Structures are given as structure tokens and as C-alpha cells.
Amino acid sequence: PTANTFTATVVGTQYLQASAHFVNGFFLTLGSTGGLQSSADGVLWQTRTSGVTQPLNGAAFGAGRFVVVGGLGTILTSTDGVTWSTTPSGTTQSLAAVVFANNLFVTVGTNGTIRTSADGLTWNPATSNVSVELNGLLFDGTQFITVGSNGTVLVSNDASTWTARTTGSSANLNSLA
């Protein structure tokens, strides 16, 4: 397969897979009921045991580990992409996205939730000053940017101090690219 040619691949039917991610050389699909599958080549897939039934929404790699986030504050970690463990997030808010940049994991979610971690294991709250759902997150090389409900856009250089940006829109913003 190339960028111009695609090959259909069955990724299993045990879970409704909601999103796909390419993280540290692995393809991961994340499911709406805790489904987690991985592939080294995007063709042969292995179902992994997540140990949770919450939706899984985002994935990142850094500090020597994979981190997956999901519903009700779910955070899973793995050092090999095969064996996964739950990690306390310190919140019951659903987490929608996660990135690793500047030696820091950052995750965002419902009710303006933002959590940060240097190692993916110990998570700390950051203040967003909003109470909307934060859906998308990225690091553009200089700052973290998150988007959410009602046209919300927040930016931060350090993931602890967040500043709102005006979009002129009240649309729900779901992702960044």
C-alpha cells in the first residue's frame, strides 16, 4: 500500500473501533467499549486486553511508554504496546485526547478537564478556566492547543497556564490536524 493505493483490512469485530492512531511505530485502534487492538504493519492485528469497558479515545507515546485515555478518566499505559495497565488519572471526567510534547503528557476532556504528567503514571490537574467539553489537542511545535464545545480554543506554552482564543464561532470543535 502507498498513499495512493489502499488495502482493506479486517480489524476484528469484537469491539466497535472508534478511532485509529499511529504511535511510536504501532498502529492502535481504540474502541467504544474498551477495545484495543495493535498492529506493527497495519495488516496483521492483535486484540489486546485493556481491562476496561470505557470508551478509549486517544493515544500518545513518550517517556518510554504508550498512554491511552478514555471515558470516566480512564488512562491505560504500556511500555511495549502489548500489555496494558490502568493508571489513576485523579478524575472521573471523560478524557478525549492526549499528546506528548516538551517531555510532558497532556490530556483534555469533559468539563474543561486538563491533566498533565511527566511519566504517564502520575497525573496532575491544570486549570482551563472553562467548563465545556474539550475534544481535540495538539502541540504545534511551540504551544499546546485544545478545542472544544461552543467554539472553544485554548492555547498554552507550558500546559499549565491556558489562554482562551476567540474564534467567532459557537460550533462544537472536535479535532485538530
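It should be emphasised that the depicted structure is a prediction, and the values quoted were computed from it without experimental measurement. Atoms considered below: every heavy atom in the structure, side chains included; atoms not considered: hydrogens, waters and symmetry mates.
- Of all non-hydrogen atoms in P88 and W123, the two that sit nearest each other are O-CD1, 3.6 Å.
- The minimum heavy-atom distance between L121 and S117, with the atom names listed, is N-OG, 3.5 Å.
- In terms of hydrophobic clustering, with Ile, Leu, Val, Met, Phe, Trp and Tyr side chains grouped at heavy-atom distances under 4.5 Å, L138 and V153 are assigned to a common cluster.
- Side chain of S131 to backbone of G112: no donor-acceptor contact under 3.5 angstrom is found.
- Put simply, the side chain of T107 gets close to the backbone of A97: a donor and an acceptor are under 3.5 Å apart.
- Following chains of ILVMFWY side-chain contacts shorter than 4.5 Å, one cannot reach L76 starting from V98, and the two form parts of different hydrophobic clusters.
- Rounding to the nearest 0.5 Å gives a distance of 6.5 Å between OG of S39 and CG of L44.
- Rounded to the nearest 0.5 angstrom, S38 OG and H21 NE2 are separated by 13.0 Å.
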*Mind running side-chain contact (heavy atoms from CB on, under 4.5 Å) on N102 and F139 for me, showing each step along the way?*
CA-CA 9 Å; N102 285 352; F139 183 77; 3.4 Å; yes
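- Contact between G136 and T146 at its shortest, heavy atoms only, is O-OG1, 2.7 Å.
- Each of V99, V155, T116 was compared with F144 under the side chain to side chain contact (heavy atoms under 4.5 Å, CB included) criterion, and only V99 meets it.
- Contact record, A126 with S160: CB-CA, 4.2 Å, taken as the closest heavy-atom pair.
- Taken from CG in N150 to CG in N172, the straight-line distance is 6.0 Å, to the nearest 0.5 Å.
- Considering OG1 of T122 and CZ of R115, their distance stands at 11.0 Å, rounded to 0.5 Å.
- A distance below 6.0 Å separates the ring centres of F66 and F26.
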*Could you please spell out the steps behind the side-chain contact (heavy atoms from CB on, under 4.5 Å) verdict for I145 and D140?*
CA-CA 8 Å; I145 305 168; D140 71 359; 3.8 Å; yes
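- Separation of atoms CZ (R48) and OG (S78) is listed at 8.5 Å; rounding is to 0.5 Å.
- A continuous path of ILVMFWY side-chain contacts below 4.5 Å connects L137 to V130, so both sit in one hydrophobic cluster.
- Linking Ile, Leu, Val, Met, Phe, Trp and Tyr residues whenever their side-chain heavy atoms come within less than 4.5 Å places V132 and V106 in a single cluster.
- Counting only heavy atoms from C-beta outward, the side chains of T86 and I75 never approach each other to under 4.5 Å.
- When only modelled atom types and interatomic distance are considered, T127 and N129 share no side-chain donor-acceptor pair under 3.5 Å.
- For the residue pair L95 and S89, the shortest heavy atom distance occurs at CD1-CB, 4.4 Å.
- Here the options are V147, L173, V108, the test is side chain to side chain contact (heavy atoms under 4.5 Å, CB included), and the partner is L134; only V108 passes.
- The structure places CZ of R65 at 11.0 Å from CG of D80, a figure rounded to the nearest 0.5 Å.
- Across D41 and F27, no two heavy atoms sit closer than the pair C-CE1, 3.6 Å.
- Side-chain N or O atoms of N135 include none that pairs as donor or acceptor with a backbone N or O of G148 at under 3.5 Å.
- Counting only N and O atoms by type, the side chains of D158 and S156 include a donor and acceptor under 3.5 Å apart.
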*Check step by step if side-chain contact (heavy atoms from CB on, under 4.5 Å) holds for W84 and L36.*
CA-CA 10 Å; W84 293 85; L36 176 61; 3.3 Å; yes
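- A donor-acceptor pair shorter than 3.5 Å cannot be found between the side chains of T113 and N111.
- For the residue pair E133/T110, the side-chain donor-acceptor check at 3.5 Å is not satisfied.
- Linking Ile, Leu, Val, Met, Phe, Trp and Tyr whenever their side-chain heavy atoms come within less than 4.5 Å puts F61 and V68 in one cluster.
- Taking 4.5 Å as the limit, some side-chain heavy atom of S128 sits within range of a side-chain heavy atom of L154.
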